[in-house]
Asker: 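Structure below; questions to follow.
Treat the numbers as computed from the prediction; the structure is a model and nothing was measured. All values below were derived from every heavy atom in this structure, side-chain atoms included, with hydrogens, water molecules and symmetry-related copies excluded. In what follows, residues are counted from 1 in the order of the sequence shown.
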Amino acid sequence: MSTSLLLLIIALIGFFAYFAGRARSLAQSAGRFADLHSLPGYHGSYVAIWAMLPAALVLGAWLVASPLYIDSSVRSSLPETVKSQGAATVQLALGQVKSVAGGLLRLDASELASLENGSANLRETLAAKGVALAGEGEPYMIAAAQQFNAMRTYSRWLMSAAVLLVAVAGGLYAIRNITTRFRARNQVERVMLASLIVASSIAILTTIGIVASMLSEAGRFFSMVSPVEFFFGTVWDPRFAAAGSGDASGQFGLLPLLGGTLYIAFVAMLFAVPIGLFAAIYMAEYASPRLRSTAKPLLEVLAGIPTIVYGFFALVTVGPFLRDISTQLNGLLTGNYQNFIQAQSVLTAGIVMGIMLIPFVSSLSDDIITQVPRALRDGSLGLGATRSETVKKVILPAALPGIVGALLLTASRAVGETMIVVLAAGVAARMQLTPFEPMTTVTVKIVHQLTGDLEFTSPQTLVAFALGITLFVITLCLNIYALYIVRKYREQYE
């Protein structure tokens with residue numbers, strides 16, 4: 001029985017268990033809700049939880065433990081000549097056995113018999129069924145593969161029986177516990193609280209795991225390259241081609257990448273903030289409900305466009321447009337028809353990224369502006385102020401902390417952008433002030449350093465983790481500061 005079908009059956013058992021528990025509680029109280037400690041729905045939920053949760057736990061544990069046991073059994077059954085060659089050879093042989101096991105399931109009885117008596121070639125027979133083997137295949141692999149398939153089949157049937165038995169037994173046990181004074185609500189709320197704690201713990205542990213893995217690899221990089229050289233260096237030259245020769249570690253200066261990251265993010269915010277903020281003010285204060293209900297979703301559609309599409313837009317439309325318009329302007333002013341804005345430049349990436357950020361700015365700012373108490377608006381208008389004066393002198397000052405927090409959250413989104421920068425700003429790591437030339441960012445170089453078949457043993461690849469932890473710290477600081485400002489704003493009006 002497949003895992004998906006088993007989960008569906010568990011869900012159906014839980015569904016029927018809910019109504020059985022609810023009916024049991026009603027029968028115990030003879031239909032009088034006042035006699036029950038908890039509502040019938042809580043009794044039904046209690047029975048459904050006992051029917052589904054233990055079964056799901058058994059299923060999860062079985063899916064983890066069973067492959068480990070089967071692999072161990074098959075590995076121990078391999079010939080001594082294979083096991084004596086080391087762990088790597090054994091693991092390779094086990095992988096081939098699994099491939100053969102998958103191929104045997106596609107063979108009919110005559111083909112399988114031909115393989116068993118040695119009259120057919122294993123590799124050719126499986127290749128005809130669409131299963132490719134890394135080697136020619138050995139005779140012992142057929143027996144090991146058959147053992148693997150038999151153990152998997154037996155494990156699945158045993159798992160199905162155990163899970164269904166646990167589900168039914170859990171439901172019956174819960175139904176027997178239901179009485180008029182049974183505290184079903186307390187039991188259900190404990191389970192829900194435990195579920196919330198587990199969900200929160202998963203999120204926290206995932207973050208800790210990500211940071212720990214990045215720190216460990218970054219520590220290896222800083223054992224090869226001085227942190228002073230990395231954080232204060234002005235030249236980025238990893239020298240992949242020279243790896244293995246003398247002085248092959250290259251130069252890993254962060255400042256050109258950090259400067260490009262902040263510069264492009266600044267240009268993007270310079271473009272997105274006025275447009276997004278003005279759009280938010282119009283939507284919140286001037287637009288009619290009908291127009292707002294139409295225009296606001298249309299504006300937020302921009303947030304759903306994949307960033308690679310924005311990159312294509314920059315590459316084929318915005319970049320060539322800026323290059324051609326600069327050529328015409330230069331020709332009109334100086335007579336020299338030569339462009340002074342490159343197709344791939346900070347300005348191109350900033351404008352396109354700004355377009356992407358407009359819905360973030362407008363949506364967050366709109367929510368903040370609409371949260372300003374209505375009494376402030378009415379008081380200002382009642383004292384004779386116009387609507388524009390109310391917006392400038394009352395609403396915006398009151399919403400300013402929240403707007404600043406929203407802008408900081410948007411800035412952290414801009415700092416972490418990759419695909420737009422790759423296509424619109426290039427990969428040149430340089431320090432400059434003109435926005436008309438190419439630059440690159442930290443995220444682009446992380447992708448560049450980890451592209452291809454690489455081993456994490458050289459500073460050329462480990463530097464990606466140092467760049468990643470640096471970017472993580474920058475965005476974390478922006479998010480923490482933004483949340484601090486937003487919470488302070490909320491406390492002001494709660």
Side-chain angles (χ1 to χ4, degrees), residues 260-322 325 341 344-372 388 391-392 395-396 399-425 435 439 441 443 474-475 478-479 481-483 485-486 489:
T261 300
L262 298 179
Y263 199 179
I264 293 175
F266 172 75
V267 174
M269 294 296 291
L270 204 63
F271 183 83
V273 170
I275 297 177
L277 188 56
F278 290 160
I281 293 173
Y282 175 76
M283 293 293 176
E285 300 297 326
Y286 292 96
S288 64
R290 181 178 180 181
L291 178 61
R292 175 185 170 87
S293 63
T294 303
K296 187 175 173 63
L298 291 177
L299 183 63
E300 292 178 349
V301 166
L302 292 175
I305 299 177
T307 55
I308 187 65
V309 176
Y310 283 108
F312 291 151
F313 176 64
L315 188 65
V316 303
T317 303
V318 178
F321 172 77
L322 293 176
I325 199 68
I341 301 178
Q344 288 187 320
S345 63
V346 173
L347 185 62
T348 303
I351 291 176
V352 176
M353 193 185 300
I355 295 174
M356 181 196 70
L357 296 177
I358 286 175
F360 293 93
V361 177
S362 63
S363 181
L364 292 173
S365 300
D366 185 14
D367 293 339
I368 296 298
I369 291 172
T370 53
Q371 287 178 7
V372 174
S388 61
V391 171
K392 288 186 297 183
I395 296 176
L396 287 183
L400 186 60
I403 292 175
V404 172
L407 297 184
L408 290 174
L409 291 174
T410 306
S412 67
R413 174 69 178 82
V415 167
E417 178 53 41
T418 303
M419 294 309 303
I420 293 177
V421 183
V422 171
L423 298 177
M439 289 184 75
T441 63
T443 55
I474 293 174
T475 54
L478 286 173
N479 289 339
Y481 187 56
L483 291 175
I485 293 178
V486 170
Y489 162 74

Asker: Under the rule for side chain to side chain contact (heavy atoms under 4.5 Å, CB included), what residues qualify as partners of Ser288, not counting sequence neighbours?
Answerer: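 Only Arg290, Leu291 meet the side chain to side chain contact (heavy atoms under 4.5 Å, CB included) criterion with Ser288.
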Asker: Return the minimal non-hydrogen interatomic distance between Ala406 and Leu364, and the atom names on each side.
Answerer: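 Heavy-atom minimum between the residues: CB-CB, 3.5 Å.
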Asker: Heavy-atom distance under 4.5 Å between the side chains of Ile281 and Ile395, does that happen here?
Answerer: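 No, every pair of side-chain atoms sits at 4.5 Å or beyond.
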Asker: Provide the full list of salt bridge (charged side-chain N to carboxylate O under 4.0 Å, His left out) pairs with a residue in residues 266-278, sequence neighbours left out, each pair given once.
Answerer: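 As it turns out, there is no salt bridge (charged side-chain N to carboxylate O under 4.0 Å, His left out) pair with a partner in residues 266-278 once direct neighbours are skipped.
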Asker: What salt bridge (charged side-chain N to carboxylate O under 4.0 Å, His left out) pairs are there with at least one residue in residues 268-286, not counting sequence neighbours?
Answerer: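 Salt bridge (charged side-chain N to carboxylate O under 4.0 Å, His left out) check on residues 268-286 returns Glu285-Arg377.
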Asker: Got a second to check how far Met439's CE is from Leu262's CG, nearest 0.5 Å?
Answerer: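 Reported to 0.5 Å precision, the distance equals 9.5 Å.
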Asker: So, for Asp367 and Gln371, which heavy atoms are closest and what is the spacing to 0.1 Å?
Answerer: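 What the structure gives for the nearest pair is O-CG, 3.1 Å.
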Asker: For residues 345-359, run the donor-acceptor check on the side chains, cut-off 3.5 Å, and write out each pair with its distance to 0.1 Å, sequence neighbours left out.
Answerer:
residue : atom : partner : partner atom : Å
Ser345  : OG   : Gln342  : O            : 3.3
Ser345  : OG   : Thr348  : N            : 3.2
Ser345  : OG   : Thr348  : OG1          : 3.0
Thr348  : OG1  : Ala343  : O            : 3.1

Asker: For a quick test of your reading: what N or O donor-acceptor pairs under 3.5 Å do the side chains of residues 312-322 make, sequence neighbours left out?
Answerer:
none

Asker: Tell me, please, which residues at least two apart from Leu409 pass side chain to side chain contact (heavy atoms under 4.5 Å, CB included).
Answerer: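 Only Asn479, Ala482 meet the side chain to side chain contact (heavy atoms under 4.5 Å, CB included) criterion with Leu409.
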Asker: Which residues satisfy the side-chain hydrogen bond (donor to acceptor under 3.5 Å, both in side chains) test with Ser388, sequence neighbours excluded?
Answerer: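 Here the qualifying residues are Thr386.
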Asker: Measuring from atom CD1 of Ile369 to atom CG of Leu400, what distance do you get when rounded to the nearest 0.5 angstrom?
Answerer: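 The CG atom of Leu400 is 10.5 Å from CD1 of Ile369, to the nearest 0.5 Å.
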Asker: Run the side chain to side chain contact (heavy atoms under 4.5 Å, CB included) test against Pro297 and tell me which residues pass, sequence neighbours left out.
Answerer: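 By the side chain to side chain contact (heavy atoms under 4.5 Å, CB included) rule, Pro297 matches no residue at all.
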Asker: Please tabulate, one pair per line, all N/O donor-acceptor pairs under 3.5 Å involving side-chain atoms of residues 414-424, not counting sequence neighbours.
Answerer:
residue : atom : partner : partner atom : Å
Glu417  : OE1  : Arg413  : NH1          : 3.0
Glu417  : OE2  : Met419  : N            : 3.1
Glu417  : OE2  : Ile420  : N            : 3.3
Thr418  : OG1  : Thr443  : OG1          : 3.4

Asker: Count the heavy atoms of every other residue, nucleotide or ligand shown that sit under 6.0 Å from OH of Tyr286, and state whether that count exceeds 12.
Answerer: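 Enclosed.
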Asker: Do any pairs count as a salt bridge (charged side-chain N to carboxylate O under 4.0 Å, His left out) and have a residue in residues 293-317, sequence neighbours left out, and if so which ones?
Answerer: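 Residue pairs with at least one partner in residues 293-317: Lys296-Glu300, Lys296-Asp366.
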Asker: How about Thr410 and Val273: do any of their side-chain heavy atoms sit closer than 4.5 Å?
Answerer: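 With C-beta onward as the side chain, the pair stays apart.
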Asker: Return the minimal non-hydrogen interatomic distance between Ala279 and Leu299, and the atom names on each side.
Answerer: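 Scanning both residues, the minimum pair turns out to be CB-CD2, 4.2 Å.
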Asker: Indicate the atoms forming the closest heavy-atom contact of Ala425 with Ile264, along with that distance.
Answerer: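 Here Ala425 and Ile264 meet closest at CB-CD1, 3.8 Å.
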Asker: Taking atom CD1 of Ile368 and atom CG of Leu407, what is their separation to the nearest 0.5 Å?
Answerer: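 So the CD1 of Ile368 and the CG of Leu407 are separated by 10.0 Å.
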Asker: Going by the rule side-chain hydrogen bond (donor to acceptor under 3.5 Å, both in side chains), which residues pair with Thr261 if we only count those two or more places apart in sequence or in a different chain?
Answerer: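 Expected list: none.
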